[in-house]
Number of protein chains: 2
Amino acid sequence: MPSPSLARAGRPITVVDVARQAGVSLATVSRVINGSATVSALKREQVTQAMLALDFRPDPMAQGLRRGQGNAVALLVGDIAQRHFAELTQHVQRALEGQGYDLLLFNLGHQQQRLEQFLARALRMKLRGVVLATSDALTRPVFEAGRQLLAQGVAVVSLGQDLSREGIGSIVHEERSATRRSVERLLALGHRQVAYVGRVKGSAIGTERFLGYRDALQAAGTFDPVRVWDMSFRYTAGHESVMRALDEGISFTALQAGSDEIAMGAIAALEDRGLRVPQDVAVVGFGDIDLGAYLRPALSTLSSSPQLAATQLAELLRAAEAPAAGPVRIELPRELVERASSQGARKP
Amino acid sequence: MPSPSLARAGRPITVVDVARQAGVSLATVSRVINGSATVSALKREQVTQAMLALDFRPDPMAQGLRRGQGNAVALLVGDIAQRHFAELTQHVQRALEGQGYDLLLFNLGHQQQRLEQFLARALRMKLRGVVLATSDALTRPVFEAGRQLLAQGVAVVSLGQDLSREGIGSIVHEERSATRRSVERLLALGHRQVAYVGRVKGSAIGTERFLGYRDALQAAGTFDPVRVWDMSFRYTAGHESVMRALDEGISFTALQAGSDEIAMGAIAALEDRGLRVPQDVAVVGFGDIDLGAYLRPALSTLSSSPQLAATQLAELLRAAEAPAAGPVRIELPRELVERASSQGARKP
DNA sequence: CTGAAAGCGCTTACAG
DNA sequence: CTGAAAGCGCTTACAG
């Protein structure tokens with residue numbers, strides 16, 4: 001006897017087969033599939049047995065078409081090539097799977113236009129949900145599309161950026177207050193010239209982080225725009241910014257970066273110029289990507305919890321089945337992870 | 001007048017609407033959608049106009065159900081948290097998008113069981129294709145499932161591992177010969193004790209890379225299993241392996257790693273023990289992840305070309321529409337990227 | 001070249 | 001609690 005999954009390779013098993021085998025109607029089979037309460041124990045058992053015997057699995061497309069709702073959740077990430085988003089994706093995939101959803105991945109590459117294009121298609125895709133995980137500042141058309149999706153019963157959640165004012169449930173991390181605390185610590189260590197790399201243009205989150213830096217320095221009365229460098233979130237940005245600053249003779253003894261990748265690039269530039277970390281310049285990253293612990297010097301950073309965020313996300317998506325009271329906003333804490341790159345007090 | 005996409009937010013536009021507006025039958029609309037040749041220029045124009053006016057887009061689920069073939073390609077990656085796979089995913093997403101396919105991401109986390117589970121579901125998902133991107137050695141059930149999918153018209157392609165003997169088209173990089181060349185170069189620089197970290201158990205690719213190392217050392221008559229360390233592909237593995245070897249008093253002046261992440265972990269361990277790279281120990285990674293250039297010392301490595309691989313993949317998927325002569329095998333070259341971590345000749 | 005009709009595999013009012 | 005029937009939005013033989 002061939003194994004069930006190999007049987008009838010030609011024609012897939014459908015509800016019709018199950019109904020016949022169980023001696024019930026299509027409707028009853030469907031009710032069992034969908035866990036309807038109004039099925040007698042006897043028939044439920046018959047159907048269950050038949051499904052098992054035939055190795056039946058419902059056709060997701062047919063279900064999707066009929067229900068008007070598919071099984072996939074789209075994850076739109078700023079850029080999967082950035083460590084932060086890769087780690088996030090890992091956890092989101094796992095969380096969605098636990099919920100029985102498929103993950104449709106769409107890489108934005110930080111292009112607003114690509115986001116809008118996807119959203120235009122999204123309406124037709126019968127998605128279960130759309131997860132927006134990007135640091136980029138968003139525009140009106142995006143919010144429009146989000147509202148349309150929401151209106152069609154598609155769960156829309158923002159991961160990392162607060163969009164609750166736009167009616168979109170959001171799971172965010174501390175940003176501003178986290179940088180503020182980190183910079184205050186650098187000040188407490190005796191640093192007077194603290195630079196900031198990563199007030200990324202067009203990045204909502206980048207701006208938040210910068211504001212925390214400014215808060216701390218303004219309170220101390222040592223804020224100076226000349227020590228704020230704008231670039232992207234990638235390695236190159238950190239490297240080039242520091243090189244340029246050094247060329248221009250801008251002095252600094254500590255550096256708060258807007259991302260760990262920026263911090264890595266910055267450290268490379270400092271070493272290229274013969275400066276030691278942390279002796280000559282203390283460096284703090286942002287995000288706690290896993291490789292930070294394997295750098296030498298190991299990278300101090302402001303932690304994030306992609307796993308927690310993913311768990312919350314799954315919960316939010318499930319909750320979306322029932323209409324919510326209003327858009328949720330969940331904030332996750334960041335801890336300062338002190339490692340070698342920012343250790344030791346600065347001598348006055 | 002409201003914008004077309006906002007019109008009728010309640011009821012989606014279907015082929016029925018288009019047919020009515022264009023004054024033709026459903027069949028004709030469908031023929032235009034699918035680019036059938038047998039439509040008169042006049043009707044084609046009418047339908048096209050109607051679709052434009054109504055902002056009509058076909059329902060992918062309905063199309064999928066009827067055609068027996070959806071629009072998604074599943075990408076199964078070894079572990080998205082590994083840099084290498086994240087970069088691959090980035091390029092695959094772009095390539096698939098160019099082909100009009102959606103990307104369904106499934107993270108294996110290197111668990112054979114998860115792969116088998118997915119494959120069991122895959123048959124029902126009406127996928128366009130399945131892309132297997134894992135370094136792990138595969139088992140018979142996986143090949144079985146692959147053949148079943150192939151038989152059902154699902155394109156199956158292996159990325160990174162040669163499965164052409166199993167009837168699965170494969171896009172691979174040089175592995176064995178690449179490591180061999182790299183190690184030969186280390187020997188030429190005067191190194192006599194070259195260690196290898198990363199003959200990962202259960203990794204087909206890891207084994208290939210190791211064999212290239214062994215080829216080179218056996219030819220030189222200096223192969224010694226005590227300098228071969230097995231672990232995983234991650235940072236921790238590199239760090240722990242080197243720590244242990246140092247503890248055990250195993251000597252070596254050069255290190256070939258099975259991945260860049262391993263190399264990073266190894267370098268951290270070396271520095272932790274006060275050894276300098278490359279002066280005391282030269283290190284070469286494998287894979288050319290983008291951050292290698294931003295490490296200090298910058299990481300020498302054996303390049304890969306995820307972009308090229310993704311392009312080839314898209315081509316293979318498209319070609320899969322027509323039945324091929326036999327499983328293809330495409331090999332991409334690796335170049336040695338010489339950076340600081342392995343520079344300079346070893347003094348005898 | 002074109003249209004009427006059947007059907008892809010399900011779910012869900014509607015009766016009973 | 002259960003079944004017969006309609007229908008989700010398309011595509012594709014089948015006639016003409």
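Sequence lines set the chain letters: A, B, ... in the order given, protein chains first and strands last, and positions in each chain run from 1. For the numbers below, each heavy atom of this structure counts, side chains included, while hydrogens, waters and symmetry mates do not.
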TODO: Determine which pairs satisfy side-chain hydrogen bond (donor to acceptor under 3.5 Å, both in side chains) with at least one residue from residues 115-124 of chain B, sequence neighbours left out, and list them in order.
DONE: Asp102(A)-Arg121(B), Glu116(B)-Thr139(B)
Task: Within 6.0 angstrom of Arg44(A) CZ, more than 12 heavy atoms from elsewhere - done: yes
Open item on the list: Assuming nearest nucleotide by heavy-atom distance, tell me which of Thr38(B) and Lys126(B) is located more 5' along DNA chain C.
Closed with: Thr38(B)
Task: Between CZ on residue Arg66(A) and CG on residue Leu65(B), distance to nearest 0.5 Å - done: 12.0 Å
Task: Partner residues of Pro58(B) under the side-chain contact (heavy atoms from CB on, under 4.5 Å) criterion, sequence neighbours left out - done: Ile33(B), Phe56(B), Gln63(B)
Task: Contiguous pairing runs of three or more, Watson-Crick or G-U under 3.5 Å, that involve DNA chain C - done: C:1-3 with D:14-16, C:5-12 with D:5-12, C:14-16 with D:1-3
TODO: Identify the heavy atoms of Ala133(A) and Leu75(A) that sit nearest to each other, and give their distance.
DONE: CB-CD1, 4.2 Å
Task: Euclidean distance for C1', dT12(D) against dG16(D) (whole angstrom) - done: 16 Å
Open item on the list: Can you list everything that forms a side-chain contact (heavy atoms from CB on, under 4.5 Å) with Ala310(B)? Sequence neighbours excluded, please.
Closed with: His91(B), Val92(B), Ala95(B)
Task: Pairs flagged by ring-ring contact (aromatic ring centres under 6.0 Å, His included) wherever residues 119-159 of chain A is involved - sequence neighbours left out - done: none
- [ ] Give Arg124(A) one of three labels, base, sugar-phosphate or nothing, depending on what nucleic acid heavy atoms sit under 4.0 Å from its own.
- [x] sugar-phosphate
TODO: Remember a base hit wins even if backbone is also touched, and classify Thr14(B) as base, sugar-phosphate or nothing at under 4.0 Å, heavy atoms.
DONE: sugar-phosphate
TODO: Check every nucleotide of DNA chain D for an atom under 4.0 Å from a heavy-atom of chain A, then give the first and the last such nucleotide from 5' to 3'.
DONE: dC1(D) to dC10(D)
- [ ] Let me know which of Leu163(A), Leu159(A), Leu316(A) forms a side chain to side chain contact (heavy atoms under 4.5 Å, CB included) with Ser170(A).
- [x] Leu163(A)
Open item on the list: Need one value for Thr28(B): base, sugar-phosphate or nothing, where a base atom within 4.0 Å counts as base even if backbone is also close, heavy atoms only.
Closed with: sugar-phosphate
Open item on the list: Let me spell it out: for each of Arg66(B) and Lys43(B), pick the nucleotide of DNA chain C with the closest heavy atom. Which residue's pick is nearer the 5' end?
Closed with: Lys43(B)
